[in-house]
Engineer: 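I am attaching a structure below and will ask some questions about it afterwards.
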Amino acid sequence: MSKKVASSQSIPFWRDIRVLRVVSQILFLIVIAAGIWWLLNNLQTNLKACGLKISFGFLKNTAGFPISEGLRYDPTDVNGYAFWVGIVNTIRVAVIGIVLATVIGVVVGVARLSSNWLVKKLAGIYVEVIRNIPLLVQLFFWYFAVMLTALPMVKNSISLPGSIYLTRRGVYMPWATVTESFSTWIFYVIGGLALAIIVYVLRRMQLKRTERPGFPIIWATTVLILTLVAGWFITPGNPLALSVPVLGRFNFEGGLWLSTSFTALLIGLSVYTGAFIAEIVRAGITAVSKGQTEAAKAIGLKNMLILRLVILPQALRVIIPPLASQYLNLTKNSSLAILIGYYDLMNVGTTIFNQTGRAVEMILLIMASYLTMSLLTSLLMNYYNRRMKLVER
Amino acid sequence: MRDNRQIVHIIKEQLRPPSERIPVIRWLKQNLFNSWFNAILTIVSTVLIVIAVFGLLRWALGARWEVIPTNLKLLLVGTYPAEHLWRVWATVYLVSFLLGFSSGSHGGLMRRVSTVVASVSVLLAILPFPWGTRGWLLGIAVVAAVGFGLGHLSKGIRRCKRLEIAAWLLSFPISLVLLNGMEGILPVIKGRTTWGFMLNLIGAVVGIGLSFPIGVLLALGRRSELPAIRWVCTAYIEIIRGVPLISLLFMASIMLQLLLPANVRPDLLIRAMMTITAFSAAYMAENVRGGLQAIPRGQYEAASAVGLNKALATILIILPQALRLVIPAIVGQFIALFMDTTLFGFIAILELLNITRSIMGNIEWRGTIFELYVFIGIAFWILCYSMSYVSRRIEKTLGVGER
Amino acid sequence: MSVTSDEGIIIYRDVHKWYGDFHVLRGITFTMQKGEVIVICGPSGSGKSTCIRTINRLEEHQRGQIIVDGVELTNDLRNIETIRREVGIVFQQFNLFPHLSVLQNVALAPFWVLKMKKSKADEVAMQLLERVGIPEQAEKYPGQLSGGQQQRVAIARALAMSPKIMLFDEPTSALDPEMIKEVLDVMKNLARSGMTMIVVTHEMGFAREVADRIIFFDYGQLVEENTPEEFFHNPQHERTKLFLSQILDY
């Protein structure tokens, strides 16, 4: 007996897996869309009851509140500019924090691998203590306990060598200010950069032509430094002047002022993130197996070269992705500034909300700012990852 | 003619190695002074340590430590009414009992944890607490021991294992009902946004517990072949992970009621819980996704080849393997979440950190700021460090990374 | 175009498959009768694994017809499920479920898919474990077994669904040499008991002993198809001769 075979012409649609795929997605989207529509509907009704409408026009209104540090700003500026000042403040603390945290992290991470038992233990204690105490507790400690309580008033400030003063109002330190001759010197800077790039490219071509090893970056950097120094001496006067804080009647004049909240935030964030970076660095270095160093030594490479050519490239591959996410965490954690009075974008954003009642718009702006920073970091990291991917079969 | 045969006698006894005692001097030389650089480091570090330790001791001896025991109830349970405190103890007893039970029937890591809990409670009972409290504290050890005994007895009885899991799962809502009260069963306690440290614990447990199923669904969705589901899940995960928790809390306190119908007004604590759940779900999803990615493709193929449909294959084959790989990461996330609950203060919830600030506002306790923060720091540190220690032991027991 | 099942239990007609731009199966056609044992061999990358994986829809073919026991393999969900139930497969990497015991691995599908009672499913599983020679390992976990034992469990697991056809995708390639024999013995017994089998392998001794037909693949095409004696002693195609000279040297 022969059986009739199911032919491919008429698959009932409820069993056709292509149809099922499309239908289930459509159903899913409908559910999600319905949910979003319900939320937005509520939003509209509630806003109408308050008499508000979603618009960003309020950004052009006068802000009316002070921001104690950051770009030049006063309360007669508009809301939009105030928010921008907040963003710049966030970037300021984030960038400096990232640099400091990286330095701390690398030092502590390497220290954890030291052959000196004491140093190794100390670094270990640092990491284990910092990682297990909430960041906010640490920030409050630095802000309330250290800066506001332990440090003295301006009159009795603690002074460190080099004209650095620690007070309850903040940190005062010498800083460079721009003088008239700066605009002339800038040309030397630009010229030096251009020259350095040319030298770099030429040297690289030369090395390629003669097929010799070398690091053209060394030549380029030397040229840059020489040009900068030469320019400094050639321009009349000094392009940058040192401004030293001097105790006036009520306060310090001159120099750079780092506010209490900024300093506390910076130290807290750097110390905290530094502990995590230390672990990442340690993991990265130990990820490069001992065999690599042994093989490199066996073929005669010297220590410095081994580090640059064998260990660092492999270690960096392991280190960079989690490092990038730590940088991102630091940037997001900077939002805690609002709890210690630093005018970052979160703080300014909520202040604008308090003044204007514009909840939805400000939420969108705040989240969009952070999302942009996250997205940029992700993109950079993905780009780096793709370039560095170990080529495998 | 040379006889090249070699007769090898196999010596069964082993010779003892040369004496291994490293005299202290030699150890010092090897580890602290083995080079000029290291010697300098050692000397400098020792000096710094000595200065720091002495300074710390001097401060500690002159500090006003009485601020902590006087305010202990406030710190731990906030303004929870004193006559209802038995409910907090009941919850603690419930957990200790289950802990003891599980350690009795499983042994191993559980046993160590419950031993620590029991001994800590006994040690605390020695401290100068009021006698009532001491009784309660000792009760913890007693309850845990009882649980242990019962657990040991029930070893091997198959049905008890299911009961145990059910008990743990049920303890979750039961504790909430106990602490909060419910219409008709227990009087509801008002003002639950001022419960101090208890709020940190509840927040973390609720956060992890509720975000777990959501996170698993999101992770599965992110790996779905259907693009619509994949994009929606990925969008949710990436957006939540790209913004700080405090901005979400801000959204919860200000904007959430705009998104809900006018008659639905969840109170502050519920909103905080919702936020932290939504926040944690995104991170949980990424952790679970890591586990899913570690499952070799052959498992999916074998499951479908044997006839399991997608759902069965996921539940029976893929998820059990993936989740086991992910447990250490989940514990890590719990620790991080626990530390993040300190941010609740931003929306006027008086958890531990925020309540501390109100204590400092009290004129009587002016200037005890260092004592309080050191106490909080140590408290959090002990808890978090123990949890991460447990997580590392779990990792070792599960043999994760050995496959 | 419908086809009667009298023509064979597997009808594979002009099947093409592409991976992106790569044309991996280029018009494969063959038919298989019930109870036959076919061995497919060829250099790596020739498409032999892909070919058998299309039979139970682990890979999807873009052109051509695949008809298994009278049911055509299309986008019809019911057809796919019917075919999957009748075709068992043994993988090169075993793919046992590591979190389940050996017995649970074998009894899983009968319990959940065939809806057998638990005791019945366990009984069936034990019988199969005995058939493949390792009943004493029932309560152990895959990680505790040797490669050869794991593969035999995999065979038992596939047999638990009472398939009409068994596919073997290089079943011994991941095994240490001393374990290959135990697996091949099980497969030989299976063949002798009348199971319809397609085996992708490099084990030419097995092929000579057990196969009814040998199919040679190269570059996605079916180059030669013959009985074992003819295949080994009288290869027709140049490529076949080259291949045989490369593998039969040792």
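Model, not experiment: these values are computed from the prediction. Within every chain, numbering begins at 1; the chains are lettered A, B, ... in the order of the sequence lines, protein sequences first and strands thereafter. When reading the values below, keep in mind they use all heavy atoms of this one structure, side chains included, and skip hydrogens, waters and symmetry mates.
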Engineer: Is it the backbone or the side chain of B:Ile49 that comes under 4.5 Å from a heavy atom of chain A, or both, or neither?
Structural biologist: side chain
Engineer: Counting only heavy atoms closer than 4.5 Å, note whether A:Leu135 contacts chain B via side chain, backbone, both or neither.
Structural biologist: neither
Engineer: Side chain, backbone, both or neither: which part of B:Leu226 has a heavy atom under 4.5 Å from chain A?
Structural biologist: both
Engineer: Please classify the contact of B:Leu248 with chain A as side chain, backbone, both or neither, using a heavy-atom distance under 4.5 Å.
Structural biologist: side chain
Engineer: Would A:Leu136 and B:Leu343 count as a side chain to side chain contact (heavy atoms under 4.5 Å, CB included) here? Give the steps.
Structural biologist: CA-CA 7 Å; A:Leu136 194 55; B:Leu343 266 65; 4.1 Å; yes
Engineer: Taking every heavy-atom pair that is under 4.5 Å apart, which of B:Ile335, B:Ile246, B:Ile376 has the most such pairs with chain A?
Structural biologist: B:Ile246
Engineer: Considering only heavy atoms, which portion of A:Val137 lies under 4.5 Å from any heavy atom of chain B: side chain, backbone, both, or neither?
Structural biologist: both
Engineer: Would you find more than 12 non-hydrogen atoms of other residues, nucleotides or ligands less than 6.0 Å from A:Phe56 atom CZ?
Structural biologist: yes
Engineer: If I compare all heavy atoms of B:Phe370 with all of A:Val146, which pair ends up nearest, and what's the gap?
Structural biologist: CZ-N, 4.3 Å
Engineer: With sequence neighbours excluded, tell me which residues meet side chain to side chain contact (heavy atoms under 4.5 Å, CB included) with A:Ile91.
Structural biologist: A:Ile87, A:Val95
Engineer: Name the region of A:Phe28, side chain, backbone, both or neither, that has any atom closer than 4.5 Å to a heavy atom of chain B.
Structural biologist: side chain
Engineer: At a 4.5 Å cut-off on heavy atoms, which part of A:Leu39 comes close to chain B: side chain, backbone, both, or neither?
Structural biologist: both
Engineer: For each of B:Val374, B:Leu372, B:Ile369, tally heavy-atom pairs with chain A at distances under 4.5 Å, and name the one with the top tally.
Structural biologist: B:Ile369
Engineer: Which donor-acceptor pairs lie under 3.5 Å between chain B and chain A?
Structural biologist:
residue  : atom : partner  : partner atom : Å
B:Asn31  : O    : A:Trp117 : N            : 2.9
B:Asn38  : O    : A:Asn116 : ND2          : 3.0
B:Asn38  : ND2  : A:Ser115 : OG           : 3.1
B:Thr42  : OG1  : A:Asn116 : ND2          : 2.9
B:Ala228 : N    : A:Gln25  : OE1          : 2.8
B:Arg241 : O    : A:Lys332 : NZ           : 2.6
B:Gly242 : O    : A:Ser374 : OG           : 2.7
B:Gln257 : O    : A:Asn46  : ND2          : 3.3
B:Leu258 : O    : A:Leu43  : N            : 3.3
B:Leu258 : O    : A:Asn46  : ND2          : 2.8
B:Leu259 : O    : A:Asn42  : ND2          : 3.0
B:Leu260 : O    : A:Asn46  : ND2          : 2.9
B:Tyr283 : OH   : A:Lys332 : NZ           : 3.0
B:Trp381 : NE1  : A:Glu128 : O            : 3.0

Engineer: At a 4.5 Å cut-off on heavy atoms, which part of A:Val22 comes close to chain B: side chain, backbone, both, or neither?
Structural biologist: neither
Engineer: With sequence neighbours left out, what residues match A:Ile36 under side chain to side chain contact (heavy atoms under 4.5 Å, CB included)?
Structural biologist: A:Ile32, A:Leu40
Engineer: Tell me, out of B:Met387, B:Met251, B:Met360, who's got the most heavy-atom pairs with chain A below 4.5 Å.
Structural biologist: B:Met251
Engineer: Which bit of A:Met367 comes within less than 4.5 Å of chain B, counting heavy atoms only: side chain, backbone, both or neither?
Structural biologist: both
Engineer: For A:Leu29, enumerate each residue passing the side chain to side chain contact (heavy atoms under 4.5 Å, CB included) test, keeping only those at least two apart in sequence or located in another chain.
Structural biologist: B:Ala228, B:Val232
Engineer: Can you tell me how far CD1 of B:Ile382 sits from CD1 of A:Ile133, rounded to the nearest 0.5 angstrom?
Structural biologist: 10.0 Å
Engineer: What part of A:Leu371 gets within 4.5 angstrom of chain B, counting heavy atoms only: side chain, backbone, both, or neither?
Structural biologist: both
